[in-house]
J.: 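My questions will all concern the structure given below.
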Amino acid sequence: MANDVEAQCSNIKRFAQVGEVGLVLYYVGILMPKVDERLVQLADELGFVIILMPENDASLAYANVISDVMQAIFLDQMNNPVFAVEMLSEIAKMPAYQHNLATVLKMIAERLHASCALLDGNRQLIQVRLGPAIVTFTGKNCQVAEFTAKLSVPINH
């Protein structure tokens, strides 16, 4: 993968299609020889952010960036409590192919730090966001649960 630009581009497309907005590249010049211009062009076309950490530096730790990003997110949430308006604004800025339920559920789950499920009027599960993956259920042999920010209540069928 480190030398396969086509596979890298395929991954960027897939990440963008499921609602991811960017990624951080570590160890360029060590594990990955360089960031190919085709990858940068694709990311620009998709509005996908690539953060390139300093090249040829094996001393960088994921935990440092994760801590900084989490702190920035926490402070932003404290300073901007009007989530629905913000969410609509963010969706409007996204490419059309990201205007979907999966993206909305991902945003809500990330904001609430909880799993989220979308049910239809008959309380049938349409889509759920569990952790980092989006899972779509079909059929009747699945455990359905109704989620809120602080409470999870099983639904009786």
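Everything numeric in this text was worked out from a predicted model, so none of it was measured.
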J.: Nearest 0.5 Å, what's the SG-CZ distance between Cys9 and Arg14?
T.: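 Nearest 0.5 Å value for the SG-CZ distance: 12.0 Å.
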J.: Counting N and O atoms only, with roles assigned by atom type, does the side chain of Gln98 sit under 3.5 Å from a partner on the main chain of Ile91, one being a donor and the other an acceptor?
T.: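 No, the answer is negative, given that no donor and acceptor are paired below the 3.5 Å cut-off.
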J.: Which distance, rounded to the nearest 0.5 Å, do you find between the OH of Tyr27 and the CG of Asn56?
T.: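 Those atoms lie 13.0 Å apart.
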J.: Quick one: do Val21 and Leu105 end up in the same hydrophobic cluster if we chain Ile, Leu, Val, Met, Phe, Trp and Tyr together by side-chain heavy atoms under 4.5 Å apart?
T.: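 Unlinked, Val21 and Leu105 end up in two clusters.
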J.: Do Val35 and Leu31 sit in one hydrophobic cluster, given that two such residues count as connected whenever their side-chain heavy atoms are within less than 4.5 Å of each other, even indirectly?
T.: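 No.
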J.: Walk me through whether Glu20 and Lys106 qualify under salt bridge (Lys or Arg N to Asp or Glu O under 4.0 Å).
T.: CA-CA 9 Å; Glu20 299 301 332; Lys106 177 182 178 295; 3.7 Å; yes
J.: Any chain of hydrophobic side-chain contacts (each under 4.5 Å) joining Met53 to Met70?
T.: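 Yes; Met70 is reachable from Met53 via cluster members.
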J.: So how far is it from Ile12 CD1 to Gln41 CD, rounded to the nearest 0.5 Å?
T.: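 If we round to the nearest 0.5 Å, Ile12:CD1 and Gln41:CD are 13.5 Å apart.
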J.: Looking at CD1 of Ile50 and CG of Leu25, how far apart are the two atoms once the value is rounded to the nearest 0.5 Å?
T.: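 Spacing of CD1 (Ile50) from CG (Leu25) equals 6.0 Å.
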J.: Any donor-acceptor pair under 3.5 Å linking the side chain of Asn122 with the backbone of Gln124?
T.: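 Side chain of Asn122 to backbone of Gln124, a donor-acceptor pair under 3.5 Å: no, none is there.
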J.: What's the shortest heavy-atom distance between Ile108 and Met87, and which atoms?
T.: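 Closest pair (atom of Ile108, atom of Met87, distance): CG1-SD, 3.9 Å.
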J.: Evaluate the side-chain proximity of Pro33 to Asn3: yes if any heavy-atom separation is below 4.5 Å, no if none is.
T.: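 In short, these two side chains touch, coming nearer than 4.5 Å.
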J.: Please answer: with hydrophobic residues joined when any side-chain heavy atoms are less than 4.5 Å apart, are Val28 and Val40 in the same cluster?
T.: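 Looking at the clustering, Val40 is in the same group as Val28.
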J.: Using every non-hydrogen atom in the two residues, find where Met1 and Asn11 come nearest and quote the distance to one decimal.
T.: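 So the minimum-distance heavy-atom pair works out to CE-ND2, 2.9 Å.
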J.: As an exercise, state the distance from CD1 of Ile51 to CG of Leu23, rounded to the nearest 0.5 Å.
T.: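 Result: 8.5 Å between the selected atoms.
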J.: side-chain contact (heavy atoms from CB on, under 4.5 Å) for Leu42 and Phe48? Distances and angles first, verdict last.
T.: CA-CA 8 Å; Leu42 175 64; Phe48 191 86; over 6 Å; no
J.: Any side-chain heavy atom of Glu6 within less than 4.5 Å of one from Arg38?
T.: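 SC-SC contact between Glu6 and Arg38 confirmed.
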J.: Hey, does Tyr97 have a side-chain heavy atom less than 4.5 Å from the side chain of Leu46?
T.: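 Touching, per the 4.5 Å side-chain cut-off.
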J.: Hydrophobic clusters here meaning ILVMFWY residues chained together by side-chain heavy-atom distances under 4.5 Å, can you tell me if Met32 and Leu52 are in one?
T.: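 Both belong to a single hydrophobic cluster.
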J.: How would you list, by chain and number, every residue that makes a salt bridge (charged side-chain N to carboxylate O under 4.0 Å, His left out) with Glu90, sequence neighbours excluded?
T.: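 Salt bridge (charged side-chain N to carboxylate O under 4.0 Å, His left out) list for Glu90, sorted by chain: Lys93.
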